[in-house]
Amino acid sequence: MDALISFAIENKKLLSFSYDGYFRIVEPHCYGITSTGKEAIRAFQADGDSSDGKLGWKIFDLGRTEKLKLLDHTFNSAREGYSKGDKAMKRIFIEL
């Protein structure tokens, strides 16, 4: 389990990282193991770029992230559209 990601969720801190060659800034909401066995986070991508050009809810496979960094900025609460007990996760370490 990654302490940095857990800290970010507990304290509602933004994370930044590179994913598939694109810089992302996200609000992490859930951290666990997906139904396909990958360590991942469910997060709202608030800024940055992506292959589809869209922001919003995504699951990020942590095996594909690079340069993960905790940012000083926080978010106030869970984003609309988030519900506890993410069905895409077979095991949840921590969530909002």
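Here the structure is a predicted model, which is why all the values come from computation and not from measurement.
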query: Of the non-hydrogen atoms in Asp2 and Leu4, which two are nearest, and what is the gap between them?
result: OD1-N, 2.9 Å
field: Atom of Ser50, atom of Gln45 and distance for their closest heavy-atom approach
entry: CB-OE1, 4.1 Å
query: Hey, does Phe75 have a side-chain heavy atom less than 4.5 Å from the side chain of Pro28?
result: yes
message: As an exercise, state the distance from NZ of Lys87 to OG of Ser35, rounded to the nearest 0.5 Å.
response: 12.0 Å
message: Do Ile92 and Ile41 land in one hydrophobic cluster if side-chain heavy atoms of ILVMFWY residues count as linked below 4.5 Å?
response: no
- prompt: Only one of Arg64, Glu66, Lys69 clears side chain to side chain contact (heavy atoms under 4.5 Å, CB included) with Ser18; which?
  reply: Glu66
- prompt: Side-chain heavy atoms under 4.5 angstrom apart, residues restricted to Ile, Leu, Val, Met, Phe, Trp, Tyr: same cluster for Phe93 and Met89?
  reply: no
query: Between the main-chain N or O of Leu62 and the side-chain N or O of Thr65, is there a donor-acceptor pair closer than 3.5 Å?
result: yes
message: For a side-chain contact (heavy atoms from CB on, under 4.5 Å) check, start with the C-alpha distance between Asn76 and Lys12, then their side-chain angles and the critical distance, and finish with the verdict.
response: CA-CA 7 Å; Asn76 293 326; Lys12 297 183 182 86; over 6 Å; no
Inter-residue atom distance Arg91.CZ - Tyr31.OH, 0.5 Å rounding: 9.5 Å
message: I need the Glu95 CD to Cys30 SG distance, nearest 0.5 Å.
response: 5.0 Å
message: Any non-hydrogen side-chain atom of Leu15 less than 4.5 Å from a side-chain atom of Phe60?
response: no
query: Mind checking whether Val26 and Ile59 sit in one hydrophobic cluster, side chains of I, L, V, M, F, W, Y counted as touching below 4.5 Å?
result: no
message: Working to the nearest 0.5 angstrom, can you tell me the gap between Leu68 CG and Ser16 OG?
response: 7.5 Å
message: Can you pull out every salt bridge (charged side-chain N to carboxylate O under 4.0 Å, His left out) where at least one residue sits in residues 44-58? Sequence neighbours excluded, please.
response: Asp52-Lys58
Within-4.5 Å side-chain heavy-atom neighbours: Leu14 and Glu27: yes
- prompt: Same cluster or not: are Phe23 and Leu55 linked, directly or through other Ile, Leu, Val, Met, Phe, Trp or Tyr residues, by side-chain heavy atoms under 4.5 angstrom apart?
  reply: no
task: Apply salt bridge (charged side-chain N to carboxylate O under 4.0 Å, His left out) to Arg24 and list each qualifying residue two or more places apart in sequence or on a separate chain.
output: none
- prompt: Say you draw a straight line from OG1 of Thr34 to CD of Glu39; how long is it, rounded to the nearest 0.5 Å?
  reply: 10.0 Å
message: Is the ring pair Trp57/His29 parallel, tilted or perpendicular, if the boundaries are 30 and 60 degrees?
response: perpendicular
message: Side-chain heavy atoms nearer than 4.5 Å, only ILVMFWY residues, links allowed to pass through others: does that put Leu71 and Leu96 together?
response: yes
statement: Looking only at heavy atoms, the pair that brings Asp61 and Ala40 closest together is CA-CB, 4.1 Å
